[in-house]
Amino acid sequence: MRVAPLDHAPAPLPLPRTAPTAELHLNSGRLVGLASRSLLGTYRAYGRSLKDVGAALRDLPELAPAQAVFAVTLLHGPLEKSGFTLLELPPLRARWYGLGFRLLRAAYGTTRAPSEGQAWPKLAWMPREAFLDRYG
């Protein structure tokens with residue numbers, strides 16, 4: 001994963017719209033490659049990646065103002081198990097993201113949705129301090 005600063009809080013985050021946040025991004029190609037070789041290896045890489053994001057959130061000046069960490073993803077099952085809160089996206093946005101994620105899965109050679117067969121992405125989020133307590 002990598003993390004990028006965002007100068008606003010997208011809906012439906014329960015923060016003021018002007019609140020700075022940090023957005024998680026998965027390396028989809030690497031994830032598919034890892035999963036095809038070893039599910040245990042994928043799980044370990046996921047855990048290391050959360051710690052790397054925690055270090056970035058703690059140490060990088062551009063992420064200092066972030067009040068929350070979030071991701072819009074189909075991989076919401078593992079994120080929920082890692083302490084993230086899941087929020088439903090507005091229906092039109094969920095469909096739009098869902099289409100994009102289906103195209104990405106096809107481009108990387110996988111067609112199965114990754115979270116318990118869920119076809120629609122969700123927004124997974126965690127307040128900054130909670131994330132740092134767990135992973136920083």
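Below, all heavy atoms of this structure are taken into account, side chains as well, without hydrogens, waters or symmetry copies. FYI, the numbering just counts along the sequence from 1.
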Practice problem: List the steps and the verdict of side chain to side chain contact (heavy atoms under 4.5 Å, CB included) for Phe84 and Phe131. | Solution: CA-CA 9 Å; Phe84 284 76; Phe131 192 92; 3.6 Å; yes
Quiz item: Between Ala4 and Leu63, which heavy-atom pair has the shortest distance, and what is it?
Solution: C-CD2, 4.0 Å
Quiz item: Which value, rounded to the nearest 0.5 Å, describes the distance between Asp7 atom CG and Arg17 atom CZ?
Solution: 8.5 Å
Quiz item: What's the spacing between His8 NE2 and Leu15 CG if we round to 0.5 Å?
Solution: 11.5 Å
Self-check item: Closest contact, heavy atoms only, Leu86 versus Ala124
Solution: CD2-CB, 3.6 Å
Self-check item: Atom pair CD (Glu88) and CZ (Arg93), whose distance is rounded to the nearest 0.5 Å
Solution: 12.5 Å
Quiz item: Atom CG of Leu24 and atom CZ of Phe70: how far apart are they, to the nearest 0.5 Å?
Solution: 8.5 Å
Quiz item: Among the clusters formed by ILVMFWY side chains lying less than 4.5 Å apart, do Leu60 and Val69 turn up in the same one?
Solution: yes
Quiz prompt | Side-chain touch Leu132/Arg58, heavy atoms, less than 4.5 angstrom | solution = yes
Quiz item: How many angstroms lie between CE in Met126 and CG in Leu79, if you round to the nearest 0.5 Å?
Solution: 8.0 Å
Quiz item: At their closest point, which heavy atom of Tyr97 faces which heavy atom of Leu89, and how far apart are they?
Solution: CD1-CD1, 4.1 Å
Practice problem: Indicate yes or no: at least one non-hydrogen side-chain atom of Pro91 is less than 4.5 angstrom from one of Trp120. | Solution: no
Quiz item: Quick one: does Arg128's side chain have a donor or acceptor within less than 3.5 Å of a partner on Leu57's backbone?
Solution: yes
Self-check item: Atom of Pro90, atom of Pro12 and distance for their closest heavy-atom approach
Solution: CD-CD, 4.4 Å
Quiz item: Hey, are the side chains of Trp125 and Leu87 touching, using non-hydrogen atoms and a 4.5 Å cut-off?
Solution: yes
Quiz prompt | Nearest non-hydrogen partners of Ala9 and Pro16, listed with the distance | solution = CB-O, 3.4 Å
Quiz item: Less than 4.5 Å apart, any side-chain heavy atom of Pro121 and any of His76?
Solution: no
Quiz item: Do you know the tightest heavy-atom contact between Pro10 and Thr21?
Solution: CD-OG1, 4.3 Å
Quiz item: Can you check whether Lys51's main-chain N or O pairs, donor with acceptor, with Arg134's side chain at less than 3.5 Å?
Solution: no
